[in-house]
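This report concerns only the one structure given below.
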Amino acid sequence: MSSLQALIFDVDGTLADTERDGHRVAFNQAFQQAGLDWDWSVELYGELLAVTGGKERMAYYLDKFNTDFPTDDKTPLLIKELHQSKTDHYTELLSTGAIPLRPGVRRLIHEARENDMRIAIATTTTPANVTALLEHALEKGSTDWFEVIAAGDVVPAKKPAADIYNWALDKLKLAPQDCLAFEDSENGIRSSLGASLKTIITINDYTKTHDFTGASLVLDQMGEPESAFTTLSGNNHGASFINLDLLNKIHAS
Ligand code: XBP
Ligand code: MG
């Protein structure tokens, strides 16, 4: 087997806790600005996360949670306009530095770069949102560190479909055995495992009860040398934080 070639990261929930205080807030701002009384609470948003993709999530909301709202053939256009507004609010929010990276993310990305490990992204969120997070939470210009950014509508079927990971692998010209994926959710791991990628999970408040069957390792966070991760399942090979040494061991096991 060849050595580990690339790390492929999910964005929302994995690189940063963007859902509750980022995406959710931006959706509500878009609704308010459009004069709608839709209001997504922290709890409701947890249920809406069953569906990935902002446009798809709004359609799911109308279908299952706001059935009194009249829909017609103009509804897809309304959703599209709301989504554009939501993206504007979200990128504006991130430009203030409101959402930091999760523990260990910056350190791992730097270690990968120092060791010529290729890095890529596979996410359902809109490309502008990825750029906003990387440029403001990681480092100005860091978007260019990622060889492939697979995001949003580049594939029609979003996670849990494997398409976005397959698209990233295709662009990287790598086989899944050459890479590791990083995810935080059940839809995410269904997507990465569907593309035959070994997957490491870092849970968060919205995903801690999800089913991560098939994960190589499930952790509470990536950890830092001075603050260890907690292992929820899988073999941590005696490590207390994610670094390339641990990732190479997981890849080889
Ligand atoms: C996260 C998502 C996204 C965001 C919203 O997926 O489901 O839909 O919540 O983003 P991942 P958009 O963890 O795979 O990044 O509104 O831009 O679709
Ligand atoms: Mg995620």
Side-chain angles (χ1 to χ4, degrees), residues 8-31 38 40 42 44-61 76 78-94 99 101-102 105 120-134 137 146 148-168 181-195 197 199-212 215 218-219 221-222:
I8 311 179
F9 296 93
D10 168 50
V11 174
D12 297 302
T14 301
L15 296 185
D17 265 322
T18 48
E19 295 292 6
R20 193 190 69 182
D21 300 328
H23 290 290
R24 185 187 69 87
V25 170
F27 277 114
N28 283 333
Q29 286 171 331
F31 301 153
W38 308 358
W40 290 1
V42 170
L44 171 62
Y45 195 67
E47 296 193 57
L48 296 172
L49 283 172
V51 170
T52 65
K55 294 188 287 289
E56 294 81 352
R57 190 165 299 145
M58 282 187 269
Y60 176 60
Y61 168 71
L78 171 67
I79 285 179
K80 198 163 170 258
E81 287 170 353
L82 285 170
H83 191 249
Q84 181 56 56
S85 166
K86 177 257 168 178
T87 301
D88 293 343
H89 285 294
Y90 181 80
T91 53
E92 173 69 28
L93 185 65
L94 264 67
I99 311 250
L101 298 177
R102 294 190 64 188
V105 170
I121 276 174
T123 174
T124 62
T125 204
T126 304
N129 298 345
V130 181
T131 309
L133 181 73
L134 296 177
F146 293 82
V148 170
I149 296 187
D153 297 329
V154 70
V155 291
K158 294 188 173 161
K159 298 174 186 178
D163 303 33
I164 196 74
Y165 277 103
N166 285 328
W167 194 91
F182 294 83
E183 275 288 353
D184 70 301
S185 70
E186 190 169 337
N187 280 328
I189 192 173
R190 282 170 65 196
S191 174
S192 57
L193 291 183
L197 284 154
T199 304
I200 295 157
I201 298 289
T202 47
I203 60 160
N204 57 55
D205 271 354
Y206 273 134
T207 68
K208 59 190 175 195
T209 57
H210 286 190
D211 180 359
F212 294 118
V218 182
L219 305 168
Q221 51 158 314
M222 290 191 185

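Order of appearance sets the numbers: ligands from 1, and atoms from 1 within every ligand. Values in this document were obtained by computation on a predicted structure and should not be read as measured data.
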Donor-acceptor contact present, side-chain Ser85 to main-chain Glu81, <3.5 Å = no

Would you say Glu19 and ligand 1 have an N/O pair spaced under 3.5 Å apart?
-> yes

Output, in order, the C-alpha distance, side-chain angles, deciding distance and verdict of side chain to side chain contact (heavy atoms under 4.5 Å, CB included) for Arg57 and Leu49.
-> CA-CA 7 Å; Arg57 190 165 299 145; Leu49 283 172; 3.7 Å; yes

Report, as a single number, the protein N, O or S atoms less than 2.8 Å from the Mg ion (ligand 2).
-> 3

Starting from the C-alpha separation in whole Å, work towards a yes-or-no answer on side chain to side chain contact (heavy atoms under 4.5 Å, CB included) for Arg102 and Met222.
-> CA-CA 8 Å; Arg102 294 190 64 188; Met222 290 191 185; over 6 Å; no

With the side chain counted from C-beta on, respond yes when Gln29 and Glu92 share a heavy-atom pair under 4.5 Å apart, and no when they do not.
-> no

Short list, please: which atoms of ligand 1 are under 4.0 Å from a heavy atom of Lys159?
-> 14 (O)

Note: heavy atom closest to atom 18 (O) of ligand 1, options Ala122, Gly54, Gly152, belongs to Gly54

Identify the closest protein heavy atom to atom 10 (O) of ligand 1: which residue and atom is it, and at what distance?
-> Thr125 OG1, 2.7 Å

For the residue pair Leu44 and Tyr61, establish whether any side-chain heavy-atom pair is separated by less than 4.5 Å.
-> yes

Quick check: does Gly53 get an N/O under 3.5 Å from an N/O on ligand 1?
-> yes

If we number the atoms of ligand 1 from 1 as shown, the ones under 4.0 Å from a heavy atom of Thr126 are 12 (P), 17 (O)

Atoms in ligand 1 with a heavy atom of Tyr45 nearer than 4.0 Å = 9 (O)

Can you sort out which atoms of ligand 1 are near Asn129, meaning under 4.0 Å from one of its heavy atoms?
-> 17 (O)

Closest non-hydrogen atom pair, Ser192 against Ala181 = CB-CB, 3.9 Å

Under 4.0 Å from a heavy atom of Asp10: give me the atoms of ligand 1 that qualify, with their elements.
-> 11 (P), 13 (O), 14 (O), 15 (O)

Could you tell me whether Asp163 and Lys158 have a side-chain N and a carboxylate O separated by less than 4.0 Å?
-> no

Looking only at N/O atoms, are Glu183 and ligand 1 under 3.5 Å apart anywhere?
-> no

Can you name the one residue among Leu134, Ile8, Val148, Ile164 that meets side-chain contact (heavy atoms from CB on, under 4.5 Å) with Ile121?
-> Leu134

Proximal candidate to atom 4 (C) of ligand 1 [heavy atom criterion; set Glu56, Lys55, Arg57] | Arg57

Between Thr125 and Thr123, the two heavy atoms sitting closest are N-OG1, 3.0 Å

Proximal ligand 1 atoms for His83, defined as those under 4.0 Å from one of its heavy atoms = 12 (P), 16 (O), 17 (O), 18 (O)

Side chains of Trp40 and Met58: closer than 4.5 Å at any heavy-atom pair?
-> yes

Do Thr124 and ligand 1 have an N or O pair less than 3.5 Å apart?
-> yes

Heavy-atom contacts with Thr123 under 4.0 Å: which atoms of ligand 1 show up? List them by number with element.
-> 11 (P), 14 (O), 15 (O)

Numbering the atoms of ligand 1 from 1, which are under 4.0 Å from a heavy atom of Lys86?
-> 5 (C), 10 (O), 12 (P), 16 (O), 17 (O)

Would you check whether Lys158 has a nitrogen or oxygen atom less than 3.5 angstrom from a nitrogen or oxygen atom of ligand 1?
-> no

Phe27 vs Tyr45 aromatic rings, parallel, tilted or perpendicular, using cut-offs 30° and 60°?
-> tilted

Please report the closest heavy-atom contact between Ile201 and Ser185, naming both atoms and the distance.
-> CD1-O, 4.5 Å

Which one of Asp10, Asp17, Thr18 satisfies the side chain to side chain donor-acceptor pair (under 3.5 Å) criterion with Thr14?
-> Asp10

Would you say the side chain of Thr126 lies within less than 4.5 Å of the side chain of His83, judging by non-hydrogen atoms?
-> yes

